[in-house]
Amino acid sequence: MGWLLIALGVMTAGMSAIFAVAFFRFRRWHPTVGRVVANIEDESGDRSRVWRPVFKLVDEFGATHFATANYAKAPPHEIGDAVPLRYNPNNSSQISTGQVWVFAAAAVACLITAAVLILIGIRMD
């Protein structure tokens with residue numbers, strides 16, 4: 001049984017690494033506020049209607065860009081809604097609505113969980 005906990009701990013440590021990479025990647029992206037200018041209607045896996053918002057955002061140089069969210073939601077955002085975003089300064093069409101601190105918190109939580117699982121697994125063997 002101890003080996004199973006150790007294996008789960010190692011997998012959880014891997015998840016922590018993924019969240020840490022996301023944190024370091026997204027913290028370099030620039031924060032801005034995007035305005036919803038359209039909603040692209042789509043169908044989810046269960047055939048319900050969902051919408052992917054299209055945002056208009058302005059980069060640090062004052063250039064205007066349009067980007068489609070990589071998520072879908074129902075009901076759609078209202079046209080004109082202001083949504084906090086982060087965008088990739090090397091490619092303004094890459095955006096994220098996620099908060100950077102969430103990735104850091106997830107990395108720490110997974111790392112602590114991994115350590116506990118591994119230590120319990122070692123003590124059981």
Side-chain angles (χ1 to χ4, degrees):
M1 181 68 172
W3 64 269
L4 181 61
L5 290 175
I6 293 171
L8 286 172
V10 170
M11 290 186 338
T12 306
M15 289 174 45
S16 176
I18 291 169
F19 285 124
V21 167
F23 168 74
F24 287 111
R25 176 180 167 213
F26 286 123
R27 77 180 184 140
R28 288 181 289 199
W29 288 22
H30 296 251
T32 189
V33 174
R35 294 272 177 199
V36 177
V37 295
N39 284 296
I40 300 171
E41 189 171 342
D42 206 353
E43 193 174 274
S44 70
D46 63 356
R47 298 205 176 274
S48 60
R49 290 176 38 193
V50 293
W51 292 267
R52 288 186 303 125
V54 178
F55 297 102
K56 176 182 176 182
L57 55 116
V58 179
D59 66 19
E60 72 268 20
F61 303 110
T64 300
H65 304 277
F66 294 90
T68 304
N70 60 354
Y71 67 88
K73 70 184 283 307
H77 283 291
E78 295 292 325
I79 303 298
D81 279 356
V83 178
L85 303 171
R86 295 184 83 79
Y87 69 93
N88 182 348
N90 299 323
N91 181 355
S92 298
S93 67
Q94 289 182 325
I95 60 169
S96 173
T97 56
Q99 300 296 318
V100 174
W101 68 268
V102 172
F103 294 112
V108 170
C110 285
L111 192 58
I112 290 169
T113 303
V116 169
L117 288 170
I118 291 170
L119 288 173
I120 292 172
I122 289 171
R123 296 198 102 207
M124 290 180 77
D125 277 344

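Since the structure is predicted, the reported quantities are computational estimates derived from the model, not experimental observations. Throughout, numbering of the chain's residues begins at 1 and tracks the sequence.
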Novice: Rounded to the nearest 0.5 Å, what separates atom OG1 in Thr113 from atom CD1 in Ile118?
Specialist: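 The CD1 atom of Ile118 is 11.0 Å from OG1 of Thr113, to the nearest 0.5 Å.
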Novice: Heavy atoms only: give me the nearest Ala82-Val33 pair and the separation to one decimal.
Specialist: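 Of all heavy-atom pairs spanning Ala82 and Val33, the closest is CB-CG1, 3.6 Å.
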Novice: Say whether Ile120 and Trp3 are linked into one hydrophobic cluster, either directly or through other cluster members, by side-chain heavy-atom distances under 4.5 angstrom.
Specialist: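 They do share one cluster, since a chain of ILVMFWY contacts under 4.5 Å joins Ile120 to Trp3.
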Novice: Please examine the side chains of Phe103 and Arg27, heavy atoms only from C-beta on, and report whether any two atoms are closer than 4.5 Å.
Specialist: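 Arg27 vs Phe103: side chains apart.
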Novice: Give a yes or no on whether Met1 and Leu8 share a hydrophobic cluster (residues Ile, Leu, Val, Met, Phe, Trp, Tyr; joining criterion: side-chain heavy atoms under 4.5 Å apart).
Specialist: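 Yes; tracing contacts between hydrophobic side chains, which count when under 4.5 Å, links both residues.
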Novice: Could you walk me through whether His30 and Asp59 satisfy the side chain to side chain donor-acceptor pair (under 3.5 Å) test, starting with their C-alpha distance in whole Å, then the side-chain angles of each, then the deciding distance to 0.1 Å, before giving a yes or no?
Specialist: CA-CA 8 Å; His30 296 251; Asp59 66 19; over 6 Å; no
Novice: Are Phe23 and Trp29 in one and the same hydrophobic cluster, where Ile, Leu, Val, Met, Phe, Trp and Tyr link if side-chain heavy atoms are under 4.5 Å apart?
Specialist: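 In one cluster: yes.
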Novice: If hydrophobic clusters are built from ILVMFWY residues whose side chains come within less than 4.5 Å, do Phe24 and Leu111 share one?
Specialist: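 No, separate clusters.
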Novice: For Gly80 and Arg35, work out which heavy atoms get closest and say how close.
Specialist: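 Distance-wise, the nearest heavy atoms are O-NH1, 3.0 Å.
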Novice: Closest approach of Ala13 and Ala114, non-hydrogen atoms and distance?
Specialist: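 Here Ala13 and Ala114 meet closest at N-CB, 3.6 Å.
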Novice: Tell me whether Met11 shares a hydrophobic cluster with Val116, the cluster being built from Ile, Leu, Val, Met, Phe, Trp, Tyr side chains joined at under 4.5 Å.
Specialist: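 In one cluster with Met11: Val116, yes.
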Novice: Starting at CD1 of Ile95, measure out to OG1 of Thr68 and round the result to the nearest 0.5 Å.
Specialist: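 That separation rounds to 7.5 Å.
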Novice: Roughly how far apart are Leu117 CG and Leu4 CG, rounded to 0.5 Å?
Specialist: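 Nearest 0.5 Å value for the CG-CG distance: 9.5 Å.
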Novice: Of all the heavy-atom pairs spanning Ala67 and Leu57, show the shortest one and how long it is.
Specialist: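 Shortest heavy-atom contact: CB-CD2, 4.3 Å.
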Novice: So which atom in Phe55 and which in Ala69 form the shortest heavy-atom distance, rounded to 0.1 Å?
Specialist: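 Where Phe55 meets Ala69 most closely, the heavy atoms are CE1-CB, 3.8 Å.
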Novice: When rounded to the nearest 0.5 angstrom, what is the spacing between CG in Asn90 and CZ in Arg28?
Specialist: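 Reported to 0.5 Å precision, the distance equals 9.0 Å.
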Novice: Could you give the distance from CD1 (Ile40) to CH2 (Trp51), rounded to the nearest 0.5 Å?
Specialist: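 With rounding to 0.5 Å, CD1 (Ile40) is 13.0 Å from CH2 (Trp51).
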Novice: Looking at Asn39 and Pro53, what are the two nearest heavy atoms and their distance?
Specialist: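 In terms of heavy atoms, the two residues are closest at OD1-CA, 3.6 Å.
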Novice: Any non-hydrogen side-chain atom of Glu78 less than 4.5 Å from a side-chain atom of Val36?
Specialist: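 In short, these two side chains do not touch, never coming nearer than 4.5 Å.
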Novice: Would you say Asn91's side chain and Asn88's backbone share a donor-acceptor pair under 3.5 angstrom?
Specialist: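 Not confirmed, Asn91 side chain does not pair with Asn88 backbone.
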